[in-house]
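Reviewing the structure listed below.
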Amino acid sequence: MNQPEPTLEQRRIIYQARRGLKELDFYIDAYVKNLYLHADAEEQLTFAKLLTYEDPDLLNFFLNQDQPEDKSVMDLVNKIKIWRHNQ
């Protein structure tokens, strides 16, 4: 599947998605490279919200040790986890 050309805002989000933790990159980097540009506008906004969390919080979300208050963010975390583990 060809990747569409990212907009300036999408490029900014893609840059923000870079994390220093290998465990987070397993999920977030793979999502950005494979799904982000094909996601609808609502999911892209939710992904931008997800990126506002600190790395330790994100790690806790992906490891099921905590949940964000925003249900849409948790739904996206779960979607990414399911997709990644089915690869």
Side-chain angles (χ1 to χ4, degrees):
M1 176 173 3
N2 287 339
Q3 291 283 24
E5 189 63 32
T7 65
L8 201 54
E9 176 64 12
Q10 288 169 328
R11 287 179 192 272
R12 187 181 69 76
I13 296 299
I14 290 167
Y15 182 78
Q16 284 181 345
R18 295 180 177 180
R19 299 300 196 192
L21 293 174
K22 185 170 51 172
E23 296 86 347
L24 287 178
D25 287 341
F26 177 79
Y27 295 106
I28 293 175
D29 193 47
Y31 175 82
V32 166
K33 288 180 178 173
N34 295 284
L35 301 178
Y36 173 70
L37 291 176
H38 299 285
D40 63 29
E42 186 176 332
E43 183 171 305
Q44 288 188 11
L45 282 173
T46 301
F47 184 69
K49 272 191 235 175
L50 181 138
L51 295 178
T52 65
Y53 290 91
E54 299 291 326
D55 286 0
D57 294 325
L58 289 173
L59 190 58
N60 285 338
F61 302 158
F62 280 101
L63 296 177
N64 293 325
Q65 295 177 353
D66 198 5
Q67 289 192 359
E69 288 184 18
D70 188 325
K71 183 183 177 324
S72 65
V73 170
M74 194 64 217
D75 289 345
L76 181 57
V77 166
N78 287 328
K79 174 184 177 171
I80 294 170
K81 286 171 40 178
I82 290 167
W83 169 78
R84 193 66 175 107
H85 289 290
N86 287 327
Q87 293 228 306

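Within 6.0 Å of CD on Glu54 lie no more than 12 heavy atoms contributed by other residues, nucleotides or ligands.
Listed by chain and residue number, Tyr53 satisfy the ring pair (Phe, Tyr, Trp, His ring centres under 6.0 Å) test with Phe61 (two or more places apart in sequence, or in another chain). A search for side-chain contact (heavy atoms from CB on, under 4.5 Å) contacts involving Glu42 returns Asp40, not counting sequence neighbours. Residues passing the salt bridge (Lys or Arg N to Asp or Glu O under 4.0 Å) test with Glu5 are Arg11, sequence neighbours excluded. For Thr52, the side-chain contact (heavy atoms from CB on, under 4.5 Å) test picks out no residue, with sequence neighbours left out.
Of the inter-residue distances, the one linking Leu37 atom CG with Gln44 atom CD reads 6.5 Å to the nearest 0.5 angstrom. Atoms CG and CG, on Leu63 and Leu58 in that order, are 10.5 Å from each other to the nearest 0.5 Å.
Between Ile28 and Ala17, the shortest heavy-atom contact is CG2-O, 3.5 Å. Contact record, Pro6 with Ile14: CB-CD1, 4.3 Å, taken as the closest heavy-atom pair. Taking all atoms of both residues into account, the shortest heavy-atom contact from Leu24 to Leu59 is CD2-N, 3.7 Å.
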Could you walk me through whether Asp70 and Lys49 satisfy the side-chain contact (heavy atoms from CB on, under 4.5 Å) test, starting with their C-alpha distance in whole Å, then the side-chain angles of each, then the deciding distance to 0.1 Å, before giving a yes or no? CA-CA 9 Å; Asp70 188 325; Lys49 272 191 235 175; 3.1 Å; yes

Go through Phe47 and Leu50 one step at a time and tell me if the side-chain contact (heavy atoms from CB on, under 4.5 Å) criterion holds. CA-CA 5 Å; Phe47 184 69; Leu50 181 138; 4.3 Å; yes

N/O donor-acceptor pairs under 3.5 Å from side chains in residues 77-87, not counting sequence neighbours:
unit_1: Asn78; atom_1: ND2; unit_2: Met74; atom_2: O; d: 3.3
unit_1: Lys79; atom_1: NZ; unit_2: Glu43; atom_2: OE1; d: 2.6
unit_1: Lys79; atom_1: NZ; unit_2: Glu43; atom_2: OE2; d: 3.3
unit_1: Lys81; atom_1: NZ; unit_2: Phe62; atom_2: O; d: 3.4
unit_1: Lys81; atom_1: NZ; unit_2: Asn64; atom_2: OD1; d: 2.6
unit_1: Arg84; atom_1: NE; unit_2: Phe26; atom_2: O; d: 2.6
unit_1: Arg84; atom_1: NH1; unit_2: Gln87; atom_2: OE1; d: 3.2
unit_1: His85; atom_1: NE2; unit_2: Tyr27; atom_2: OH; d: 2.9
unit_1: Asn86; atom_1: ND2; unit_2: Ile82; atom_2: O; d: 3.0

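Residue pairs meeting the side chain to side chain donor-acceptor pair (under 3.5 Å) criterion with at least one member in residues 13-24, sequence neighbours excluded, are Arg19-Asp55.
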